[in-house]
Amino acid sequence: MTGEVDMATADTMMQTALREPARQVTLDLRAVTFFDSAAIYAVVQLARRFPGALTVFPSRQVSRVLEISGLGGQDWLRPT
């Protein structure tokens, strides 16, 4: 993903991740510049759908939002 992940694009991100059957899902969010509550919801839903099988590579902005929201310590989140 690049740019903004918000209420207009978060569902597309989630649906794209779910498009093909998978055992492991990796989200590369290193180029994301804006991340809102809809994006948080989408990532949490993916984490629930793929317990122990989701990996998220965040940008600094995404890391900050997840940290503020209390999700900064999740096992699916990789360091920036």
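Model, not experiment: these values are computed from the prediction.
The cluster map of Ile, Leu, Val, Met, Phe, Trp and Tyr, joined by side-chain heavy atoms under 4.5 Å apart, puts Phe57 and Phe50 in different clusters.
In this structure, the side chains of Leu27 and Trp76 stay at 4.5 Å or more apart for every pair of heavy atoms. Residues Gln61 and Phe35 have side chains not in contact (no heavy-atom distance under 4.5 Å, counting atoms from C-beta outward). With contacts defined as side-chain heavy-atom distances shorter than 4.5 Å, the pair Leu29/Val56 qualifies. When side chains are defined from C-beta on, Arg49 counts as touching Leu18, because their heavy atoms get closer than 4.5 Å. Between Met13 and Val43, the closest side-chain pair of non-hydrogen atoms falls below 4.5 Å. At a threshold of 4.5 Å between non-hydrogen side-chain atoms, the residues Leu46 and Met14 count as touching.
In this structure Thr55 satisfies the side chain to side chain donor-acceptor pair (under 3.5 Å) test together with Gln24, sequence neighbours excluded. For the side-chain contact (heavy atoms from CB on, under 4.5 Å) test, no residue two or more places apart in sequence or in another chain qualifies with Glu67. Listed by chain and number, the residues in a salt bridge (Lys or Arg N to Asp or Glu O under 4.0 Å) with Arg64 amount to none (sequence neighbours excluded).
Around CD of Glu20, the count of heavy atoms belonging to other residues, nucleotides or ligands within 6.0 Å does not exceed 12.
Listed here is the closest heavy atom pair of Ala10 and Ala42: O-CB, 3.8 Å. In plain terms, the two heavy atoms of Thr9 and Val5 that are nearest each other are OG1-CA, 3.2 Å.
To the nearest 0.5 Å, atom CG of residue Asp28 and atom CZ of residue Arg78 are 13.0 Å apart. Rounded to the nearest 0.5 angstrom, Ile68 CD1 and Ser63 OG are separated by 11.0 Å.
Using modelled atom types, no side-chain atom of Thr2 and backbone atom of Ala31 make a donor-acceptor pair closer than 3.5 Å. Using a distance-only test at 3.5 Å, with no hydrogens or angles considered, no donor-acceptor pair links the side chain of Asp6 to the main chain of Phe34.
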